[in-house]
Amino acid sequence: MAPFDPAALPELLPVFYRRLFPHGPYGRWLTYGGVVKNYFQQREFSFTLRDDVYLRFQSFGSPQELERELQKINPYKIDIGAVYSHRVSPGRRDRGSAGVPGRAEPIPSLLQPNQHNTVHLGAFQPQEKELVFDIDMTDYDDVRMCCSSADICSKCWTLMTIAVRIIDRALVEDLGVRHRLWVYSGRRGVHCWVCDDAVRKWSPALRSAAVEYLSLVKGGADMVKKVTLSHPIHPFIRRSVDVVEKYFEEYALVGQDILGSPEKWDKVLALIPEDI
Amino acid sequence: MEFSSRDRQKHWRLAGDRREQYPHSLQFYLEPPTESISLVEFESLAVDRLKLLKVVENLGVSYVRGTDAYKSKLEGELRKLKFPYRALAEDDYEARRKDHISHFILRLAYCQSEELRRWFLQQEMDLFRYRFNELTGGLMQKFLEHVNLSFEAIDEDLKNELANELSVSTPGFNLSKVKEQMFYKVGLADAVDLFRARRVYIKDGFAYVPFKEIDVLVLNNYRTKLSKALALTARSLPSIQSDERLQPLLNHLSHSYVGPDYSIQKNTGKISLDQIDALSVKSFPICMRQLHRALRDNHHLRHGGRMQYGLFLKGIGLTLEQALEFWKKEFIRGKVDADKFDKGYAYSIRHSYGKEGRRTDYTPYCCMKIIMSNPPSQGDFHGCPFRHSDPELLKQKLQSYKISPSGITQILELVKGMHYQLACQKYFELTHDVDDIGFSLNHPNQYFTESQKLLSGGRELKKEFNNSGNFQQKNNSQESINSSSTPTSSNTKADTELEGLEAYFTED
C-alpha cells in the first residue's frame, strides 16, 4: 500500500464523499429514529477544511442536506457536536465573533441562515451529547518499542484491542450501557460513542466520574510508577487484568520483548513493588 | 395518597385531615405552602426558624456534630421552639406545618446573595442531617420512598450472591460486616463520588452502597435540590420585593437579631457613674471596654463610637441625665467647651433617648449589627475587635487584659474561623473564669447582664428585659415598629439625621 500523501486529499476526498462515506447509516444514527423532534436539526456539526479553515455551528434540516453539503465542501475532518436547544447557524462575522482570518468562528444564531437573528445567549444551551471515549496510540508510547507517535503496526495495535475490550466490558457490565459505536478515528486510535438515551443526558460531573472510574494510570513523564494498587482490588480492576492476561504473553514477552535486555528488564523491575 | 377530584381535595383540607398533608416529620421542602397566613404568623414562624438555625450554627462550632451532647442540645432547642423533633410524635401536625412554612419564608430572605445562600444552605443541611440520622431504619426507608429516592435495599439472597464482590469493593467491609449491614442499589447519578473513586460495587449501571454511606447520598441530593431552589427563588425575587409588607420583614430577617432588644429598661438608675470604670473591666464585652478606654484616653469619641457605646450604656440602665453628665464631663476634658457640648452633642444624646425629633427610642446594637455594618476606619474605636482588629493588635490587647496565652490562642483560632461571637464568648469564659458561658452570645447588653448575674451569684439583675424580640409591641405607628425592632433600618435613618448635625461642628 502506498504511504499516505496529504497532498492527494483534495483529489481523493470528493471520491470518498461520493462513494465511500456511509451517509445512510450516519444519518439514520444521528436522527435516532425521529423520536425526539428536531433532534437532527439541532445538532451542531463542525468542519475542518483544507488549510485549517474551521467552521462551527453548522446544522442541517435533514441527513440529505448534510450529505449534499459534505459533497460540496469535502471537509478534511468532521466533528459531531452536541444537540442544542435551538437550531444553529453561523451569524455574521461582524457580530463580535473572534475575527481571526481563516478561522471563522461565528456566534450561534437562530434558525434560518437568512434571518440572522441572534438568540439571547442564555437561552441557547447544549442539551445532550453522546459520551465519547478517545483512545490514542501515543498514550501507550512508554509500553511499546516497535513504533512511536503516529506510527502504528500490527504488533502494537494489540494494545488497542486490549483497551477496547477492557472499556467495552466495563461499559456493558458495570455501567449498564447497551449502545456503543466503536470506530477507527482515522489516524492512530479509536473512538467509542456511547449512545444510550440516559447517557446522552449525563451531567458533566457524571461523565467525569465515569472517566475516573475507568482510569488507573496517573502521572506523566516524571512518574515512573504510574499505577499503584492496593489490596483488595476493585472488581473493575480485577476483570480488566483478566482481559490483559489473555494477551500479555504474546504482546509483551514475545512481541515487545520486555525482558530481552538488561535495560528493558530494569524498566520492568522499576514498576514492581519492593516487597515482591 | 391520590386525590381524584378537586372537590375531594378541598374537602380534605376543610375537614382537617391533616396527617395526610405531612406524612413524615422530615421533608425535602419540594412544594411551597399554599395556604393564607397572617403577617403576624409569617413573621413569628420565620423568626423562630432563624433562632433555630442560629442554634444549629453555634452548636456546630462548639460541639462535634453527631455526639450525644450535640444531639441532646439540638433536640432541646427543637422542642423549645416547637419544631418536629421526634419522628413518631403523634400530634406533630402543627410542628410540621411550622417547619414547612418557616423554611420557605427564610428562603425568600436568604436567597438574595451568595453569602446568605451559603449560610442558609449550611445550617439547613446540618439540621437535616441531624433529623435524618434520628430516623429509624424503617422510617428512613419510608422517607426515601416518599421523596422518590430510589434507594432500594437489596434483599438477603442478592446480598449473599454478591457478598464477595461487595466486600472487595467497599473499603472497610469484610465479609462479616457485609452480612450485617444493609446495602442499597442506587443509580450512578446519585452516588457520583463513590462511583468516581471506585469505593462501591458497580454493576449494570447501579452502585451498591452500604447503609453507612446512605446519609451522604441523601444529603447530597438535598443540597442539590435546595441549592437549585434558592437560585430559582432569587430569580423570582423582584416580584416579591415589590410587596411593601414583606420587603422590610425579609430584609430584617437576613440581618436580624432575634433576642431581647434591651430597649425597655427596668433597671434604669441602678448604675452609678463612678461604677462604670470598674464595670468596663469586669462586665463589659471587649468592644465596649475598648470604647470606654478610648473615651477616657482621648476625651472624645467619633460618631460611630458614640452611637454604639452610648446606646449600650442606655441599655445597661443609664438614665438620660446620667448619660448627659457622663459624656459632658469627659468631653469637657478634651477640646469641647460646655457650651458647644450643650448645643450639639447633648442634642444627639437626647435624640437617641427618644426625647427629640422623631422621638423614637433607639435600641442598642446587637452583635450582628456591630459586626456587619459600619466598619471602623482610622480614628474610630467602634465595631467588633474580633472582627475589625488586626489579629496581632488583638493579641496585644488581650495580653494587656491579662488573658492567658492559651486562652489567647483559642480566641485567635475562633477569629481565624470567623466565629467572632464565639471568640467573645471565649473571652467571657476566660475573664469570668468559667468553663461554659452557658448562653449563646448575640448582644453586648446580654453579655453585661449575664456577667452581672454571674458576679453577683445570680441574685441581683434578673432578666427583666422584654423577651419577645417581636415587632408588634409598642405603638401602632409604622415608625416605632420599625425603630424598636429593626435597628438596622431605623438607625440608618437616625444616622443620616445625626450626620446632618455633625456638620455643625468644625471637627468630628
Side-chain angles (χ1 to χ4, degrees), chain A residues 120-123 125 127-131 133 166-180 192 194-218 226-243, chain B residues 149-150 152 154 158-178 183-210 213 216-217 219-225 227-228 231-232 234-236:
Chain A
H120 172 53
L121 277 173
Q125 294 288 343
Q127 308 275 62
E128 299 186 18
K129 175 84 199 303
E130 293 78 4
L131 177 58
F133 292 90
I166 290 176
I167 294 186
D168 202 61
R169 183 216 67 79
L171 288 175
V172 173
E173 289 176 17
D174 297 358
L175 305 195
V177 164
R178 287 181 58 208
H179 305 287
R180 320 71 79 211
C192 175
V194 179
C195 301
D196 285 37
D197 199 57
V199 177
R200 300 201 311 268
K201 300 180 168 79
W202 274 11
S203 68
L206 196 41
R207 286 165 202 254
S208 86
V211 170
E212 226 178 292
Y213 174 80
L214 298 169
S215 303
L216 216 55
V217 179
K218 294 191 169 110
K226 300 190 180 71
V227 180
T228 315
L229 298 176
S230 54
H231 185 79
I233 58 171
H234 191 275
F236 163 72
I237 301 176
R238 196 188 70 232
R239 290 173 191 162
S240 305
V241 169
D242 289 343
V243 172
Chain B
L149 278 181
S150 37
E152 32 165 300
I154 60 177
L158 182 57
K159 193 154 76 131
N160 285 329
E161 222 182 282
L162 298 176
N164 272 318
E165 302 287 34
L166 291 175
S167 90
V168 156
S169 323
T170 323
F173 277 76
N174 56 23
L175 269 176
S176 62
K177 194 137 180 227
V178 167
F183 273 76
Y184 290 76
K185 188 172 157 185
V186 170
L188 290 178
D190 289 318
V192 181
D193 293 317
L194 293 170
F195 165 46
R196 170 201 304 274
R198 282 194 301 261
R199 291 172 61 88
V200 283
Y201 183 53
I202 306 282
K203 180 161 125 87
D204 260 335
F206 288 95
Y208 289 80
V209 181
E213 308 266 12
V216 174
L217 303 195
L219 271 163
N220 281 343
N221 201 282
Y222 180 55
R223 187 204 289 115
T224 311
K225 287 184 159 78
S227 184
K228 270 200 200 127
L232 242 132
R235 255 176 265 158
S236 31

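Residue numbers begin at 1 in each chain, while the letters A, B, ... track the order of the sequences.
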Side-chain contact, heavy-atom cut-off 4.5 Å: A:Asp174 with B:Phe195? no

Minimum heavy-atom distance [X]-[Y], with the two atoms named:
X	Y	value
B:Arg198	A:Tyr213	NH1-O, 2.5 Å
B:Arg196	A:Ser208	NH1-OG, 3.2 Å
B:Leu188	A:Leu175	CD1-CD2, 4.0 Å

Between the NE2 atom in A:His234 and the CD atom in B:Glu165, the distance rounded to the nearest 0.5 Å is 9.0 Å

Counting only heavy atoms from other residues, nucleotides and ligands, does the tally under 6.0 Å from [atom1] of [X] exceed 12?
X	atom1	result
A:Arg239	CZ	yes
A:Arg238	CZ	yes
B:Lys159	NZ	yes

Using the side-chain contact (heavy atoms from CB on, under 4.5 Å) rule, pick out the option among B:Val168, B:Thr170, B:Asn174 that qualifies with A:Pro232. B:Val168

Measuring heavy-atom distances to chain B, does [X] have an atom under 4.5 Å in its side chain, in its backbone, in both, or in neither?
X	answer
A:Val211	neither
A:Ser203	neither
A:Ala170	neither
A:Ile233	backbone

